[in-house]
2 protein chains.
Amino acid sequence: MLETTTPDVQGAFRALADPSRRSMLMHLSQSDMTIGEVAGHFDMTRAAVKKHLTVLEEGSLISVHPKGRERVNRLEPNALKSAVDWLNHFSNFWDEKFENLQAAVEAAESNKQ
Amino acid sequence: MLETTTPDVQGAFRALADPSRRSMLMHLSQSDMTIGEVAGHFDMTRAAVKKHLTVLEEGSLISVHPKGRERVNRLEPNALKSAVDWLNHFSNFWDEKFENLQAAVEAAESNKQ
DNA sequence: TTTATATGATACCAAATGGTATCATGTCAA
DNA sequence: TTGACATGATACCATTTGGTATCATATAAA
């Protein structure tokens with residue numbers, strides 16, 4: 001009831017607060033990418049990009065997989081879900097639209113299992 | 001298509017990144033409150049609370065309504081929706097569960113009008 | 001083996017952030 | 001009117017944050 005600071009949630013929202021990081025998530029939603037490939041889409045040094053990717057990894061929004069001398073960054077949808085969950089759970093208080101939405105989530109989840 | 005930095009979204013995610021501010025939203029979801037009332041729930045000065053409330057207001061997550069010498073802070077659900085929308089739109093890329101979810105949102109919205 | 005390359009690590013910097021203390025202002029009430 | 005009180009506004013501080021530059025390390029390739 002009214003959880004506010006689950007570490008997961010904090011890490012996710014923290015990572016989502018920066019527009020560059022949100023943009024990186026967008027890129028990673030289209031394909032896994034090495035740090036160098038990610039950096040190719042941004043006007044900043046690889047070191048800066050790597051810091052952002054570290055924040056995303058700390059928030060469990062991405063996972064990193066060594067492959068030879070490269071490190072492949074992969075989107076992790078589940079952690080994003082924890083942010084959505086926080087917002088939805090919270091939203092139930094005032095808007096029935098969100099109740100429908102949460103019901104849809106639960107229905108979809110039970111269908112999968 | 002792949003919007004990353006709508007001002008709305010940035011303001012909302014920025015405000016949501018801090019656990020104190022998320023907690024304030026929780027409290028405000030139960031009732032409108034003056035800055036003094038909000039401050040009563042936190043171990044920090046009123047000035048600090050006011051700064052947080054300003055960030056929430058800048059993100060359009062709350063609205064402020066003068067009432068005599070008080071200023072009543074009220075939750076604004078719609079701005080939270082912009083954050084949810086960003087997450088959902090984004091989620092469609094990899095998880096059909098979220099497609100169901102977004103369909104439910106749209107259905108609920110059209111039912112209302 | 002040598003060399004090029006992808007990444008890691010560190011040091012450093014300016015600006016933003018979360019916080020305090022203090023003072024000013026506006027409004028309710030005696 | 002005058003005092004109490006809720007809030008606004010500043011100034012200030014320590015820490016975090018987003019960024020750069022530089023050097024070290026590990027691996028692929030010649």
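Here is the naming used below: chain letters follow the sequence lines, and residue numbers restart at 1 for every chain. Predicted model, so just to flag it, every value in this text is computed and none were measured.
The NZ-C1' distance, from A/Lys50 to C/dA9, rounds to 8 Å in whole Å. One interatomic measurement links the two molecules: CE of A/Met44 to P of D/dT20, which rounds to 7 Å at whole-angstrom precision. Remark: C1' of C/dG26 and NZ of B/Lys67 are 18 Å apart, rounded to the nearest angstrom. Per the geometry, CZ belonging to B/Arg46 stands 7 Å off P belonging to D/dT7, to the nearest Å. A straight line from CZ of B/Phe42 to C1' of C/dT20 spans 17 Å, rounded to a whole angstrom. For the pair A/Asp32 CG and C/dA6 C1', the interatomic distance rounds to 17 Å; values are reported in whole Å. As rounded to whole Å, 13 Å separates atom P of D/dT16 from atom CG of B/Asp18. If you measure from atom CE of A/Met24 to atom C1' of D/dG19, you get 11 Å, rounded to the nearest angstrom.
The side chain of B/Thr45 places no N or O atom within less than 4.0 Å of a non-bridging phosphate oxygen (OP1 or OP2) of C/dA21.
Residues B/Ser82 and B/Ala12 come closest through the heavy atom pair OG-CB, 4.1 Å.
For A/Lys51, taking side-chain heavy atoms from C-beta onward, the closest of the listed nucleotides D/dT20, C/dG8, D/dT17 is D/dT20. When each of C/dG18, D/dG18, C/dT7 is scored by its nearest atom to the side-chain atoms of A/Arg21, the top-ranked nucleotide is D/dG18. Here the side chain of A/Ala47 is nearest to one of C/dT7, D/dG18, D/dT20, namely D/dT20. Nearest nucleotide to the B/Ala48 side chain, out of C/dG18, C/dA6, C/dT20: C/dT20. Residue B/Ile35 has its side chain nearest to D/dT7 when only D/dT7, C/dG19, D/dG19 are considered.
No donor-acceptor contact under 3.5 angstrom links the side chains of A/Thr54 and A/His52, judged on distance only. A side-chain donor from one of A/His65 and A/Ser63 sits under 3.5 Å from a side-chain acceptor of the other. Between the side chains of A/Glu76 and A/Ser60, no donor N or O sits under 3.5 Å from an acceptor N or O.
Once rounded to the nearest 0.5 Å, the distance linking CZ of B/Arg21 with CD1 of B/Ile62 reads 11.0 Å.
Applying the 3.5 Å distance criterion, the base of C/dT5 shares a donor-acceptor pair with the side chain of A/Arg69.
Where A/Arg14 and B/Val72 each meet DNA chain D at their nearest nucleotide, the meeting point lying more 5' is that of B/Val72.
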